[in-house]
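For reference, the structure is listed below as structure tokens.
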Amino acid sequence: MRAAVLYAPGDLRIEEISIPETKPDEALVKVNYVGICGSDLDRIMKTGAHKMPLIPGHEFSGEIFSLPENYKGEFKIGDHVACAPILPCRICPACQSGNFGLCENYDYIGSRRNGAMAEFVCVPVLNLLRIPNDIKFHESAMLEPSAVTLHGMKIIEVSAGDRVLVLGCGTIGLLAIQFAKIMGATTVIASDISEDKRKLAFELGADIALDPSKDDLNEIVMDSTNNLGCDIVIETAGSPFTQKETPLYARFKGKILLLGTAHKDIVFSADVYEKILRKELCIKGSWNSFSAPFPGGEWRASLEYHRSKKLRLMPLVSDIITLETLPEIIYGMSKGEIKYTKVLVDCRI
């Protein structure tokens with residue numbers, strides 16, 4: 001099969017390798033589409049994987065090519081599936097409480113074991129999620145980032161009437177805008193320096209979309225909330241600038257959700273830190289997308305919201321590429337030479 005193999009940071013090669021052999025509890029999945037996550041960019045170009053050589057890729061969909069011998073469960077050959085990438089130990093305290101994303105001894109498809117930037121990948125049967133045939137493969141490849149976002153939205157408990165600020169309109173931010181509306185937010189303010197992403201934010205439900213490099217974000221937030229501030233502030237950009245200023249835009253007793261990864265130290269100024277205290281703010285982090293029963297309601301709800309057309313996934317897909325062009329595209333993305341929202345790799349061609 002063809003696969004993208006990472007040998008070292010910056011060294012991703014398209015190679016012909018053997019189709020992997022499954023373990024007794026695994027299905028062999030023929031990959032159709034795999035998404036490029038921001039973590040994939042860092043892993044491929046900067047940090048490397050936990051072990052190398054390794055095939056990256058954890059956001060994917062495909063068809064079941066083979067199942068374990070004597071398997072008698074719900075799946076059959078040819079079923080369309082999305083795949084939860086974590087392999088939790090299921091015995092640590094986090095797993096025992098249903099918090100599989102916080103597992104102390106997990107394995108992970110695409111970072112700790114071979115992933116889906118290939119024609120085939122081995123997946124435990126327990127990690128498969130059947131996809132109805134009326135959902136296209138490139139749509140179901142978007143379920144993983146959808147579930148990641150919804151996991152955070154459940155943690156921060158968006159409710160009817162909330163006024164929500166979303167900082168950053170990449171894939172996660174655009175999903176957060178939609179989920180905020182689905183969960184009852186009456187006003188959603190989006191912030192991003194990209195004009196294209198602001199337009200997309202409007203299209204997907206934002207009531208206000210502003211450019212923080214030109215607009216006075218604090219003034220617009222206060223004007224839109226009767227000088228109170230937002231009930232919920234969601235940081236998805238992973239920018240130290242936005243991460244350290246989130247408390248400025250929250251109302252008293254407001255909530256802050258941190259979804260963006262920290263790439264540098266986050267230092268609060270004394271006056272911003274004081275606002276956390278004086279407003280009695282609640283700051284919550286969110287990690288991964290899993291809950292009980294595994295892989296979690298986040299996955300099933302994302303699928304149902306998409307089927308009912310409440311959640312729109314395809315406007316987020318800016319490009320579909322082939323495996324052969326992947327190394328070149330990854331390089332351009334990491335250097336900022338390519339504008340994108342979500343890039344999918346078609347592993348069939």
Determine, for [X] against [Y], whether the closest basic-nitrogen to carboxylate-oxygen distance falls under 4.0 angstrom.
| X | Y | answer |
| --- | --- | --- |
| D40 | R43 | yes |
| K339 | D196 | no |
| E304 | R300 | no |
| R130 | D79 | yes |

Can you check whether [X] reaches [Y] side chain to side chain, under 4.5 Å on heavy atoms?
| X | Y | result |
| --- | --- | --- |
| D346 | N32 | no |
| V81 | S61 | no |
| R163 | N226 | yes |
| M52 | P9 | yes |
| V164 | C230 | no |
| D231 | R251 | yes |
| Y340 | M333 | yes |
| L257 | V233 | no |

If you take all heavy atoms of [X] and [Y], which pair is closest and at what distance?
| X | Y | value |
| --- | --- | --- |
| A190 | A201 | CB-CB, 3.9 Å |
| G205 | K181 | O-CE, 3.1 Å |
| V188 | A185 | CG2-CB, 4.0 Å |
| C92 | N105 | CB-ND2, 4.4 Å |
| S302 | L150 | OG-CD2, 4.0 Å |
| A3 | A118 | CB-CB, 3.6 Å |

Query raised in the report: Centres of the H151 and F290 rings: under 6.0 Å?
Result: no
Query raised in the report: Is the gap between the ring centers of F120 and F65 under 6.0 Å?
Result: yes
Enclosure of [X] [atom1] (heavy-atom neighbours >12, cutoff 6.0 Å):
| X | atom1 | value |
| --- | --- | --- |
| E21 | CD | no |
| F75 | CZ | yes |
| I193 | CD1 | no |
| Y7 | OH | yes |
| K255 | NZ | yes |
| K136 | NZ | no |
| I91 | CD1 | no |

Query - Option passing salt bridge (Lys or Arg N to Asp or Glu O under 4.0 Å) with E119 (candidates R348, K30, R2) - result: R2
Requested in this report: Apply side chain to side chain donor-acceptor pair (under 3.5 Å) to the pair S39 and D42, showing each step before the final yes or no.
Outcome: CA-CA 5 Å; S39 65; D42 285 343; over 6 Å; no
Report task. Can you spot which of I338, I36, V343, T325 makes a side chain to side chain contact (heavy atoms under 4.5 Å, CB included) with I330? Result -> I36
**Report entry** Residue among T242, L259, I234 satisfying side chain to side chain contact (heavy atoms under 4.5 Å, CB included) with L167
**Finding:** T242
Query raised in the report: Can a cation-pi geometry be assigned to R90 and F294, taking NZ or CZ under 6.0 Å from the six-membered ring centre and within 45° of the ring axis?
Result: yes
Requested in this report: Answer yes or no on whether R113 is positioned over the face of Y108, meaning its NZ or CZ is under 6.0 Å from the six-membered ring centre and within 45° of the axis.
Outcome: no
**Report entry** Flag for E144-S289: side-chain donor and acceptor within less than 3.5 Å
**Finding:** no
Given 3.5 Å as the limit, does a donor-acceptor pair link the side chain of [X] with the main chain of [Y], or not?
| X | Y | value |
| --- | --- | --- |
| K279 | A250 | yes |
| D192 | S194 | yes |
| D162 | S159 | yes |
| S18 | P20 | no |

Query raised in the report: Residues in salt bridge (charged side-chain N to carboxylate O under 4.0 Å, His left out) with E274, at least two apart?
Result: R278
Report summary line: E245 meets the salt bridge (charged side-chain N to carboxylate O under 4.0 Å, His left out) criterion, sequence neighbours left out, with none
Report task. Please lay out, stage by stage, how V121 and N114 fare under the test side chain to side chain contact (heavy atoms under 4.5 Å, CB included). Result -> CA-CA 7 Å; V121 61; N114 280 335; 5.8 Å; no
Taking atom [atom1] of [X] and atom [atom2] of [Y], what is their separation to the nearest 0.5 Å?
| X | Y | atom1 | atom2 | value |
| --- | --- | --- | --- | --- |
| I329 | D319 | CD1 | CG | 7.0 Å |
| I55 | M117 | CD1 | CE | 10.5 Å |
| T22 | E69 | OG1 | CD | 10.0 Å |
| F268 | L248 | CZ | CG | 9.5 Å |
| S146 | F179 | OG | CZ | 5.5 Å |
| L277 | Y273 | CG | OH | 5.0 Å |

Requested in this report: Go through the steps for I17 and M1 under the test side chain to side chain contact (heavy atoms under 4.5 Å, CB included), then give the verdict.
Outcome: CA-CA 5 Å; I17 64 173; M1 69 174 185; 3.7 Å; yes
Honestly curious: do [X] and [Y] fall in one hydrophobic cluster under the side-chain, below-4.5 Å linking rule?
| X | Y | result |
| --- | --- | --- |
| L316 | V166 | yes |
| V317 | I172 | yes |
| L129 | L87 | no |
| I19 | L67 | yes |
| I232 | I208 | no |

Report task. Before giving the answer on side chain to side chain contact (heavy atoms under 4.5 Å, CB included), spell out for H306 and M142 the whole-Å C-alpha distance, their side-chain angles and the decisive distance to 0.1 Å. Result -> CA-CA 10 Å; H306 178 60; M142 294 288 291; over 6 Å; no
**Report entry** side chain to side chain donor-acceptor pair (under 3.5 Å) assessment of S269 paired with D271
**Finding:** CA-CA 6 Å; S269 64; D271 63 320; 2.4 Å; yes
**Report entry** Working for side chain to side chain contact (heavy atoms under 4.5 Å, CB included), residues L258 and S286
**Finding:** CA-CA 6 Å; L258 301 177; S286 178; over 6 Å; no
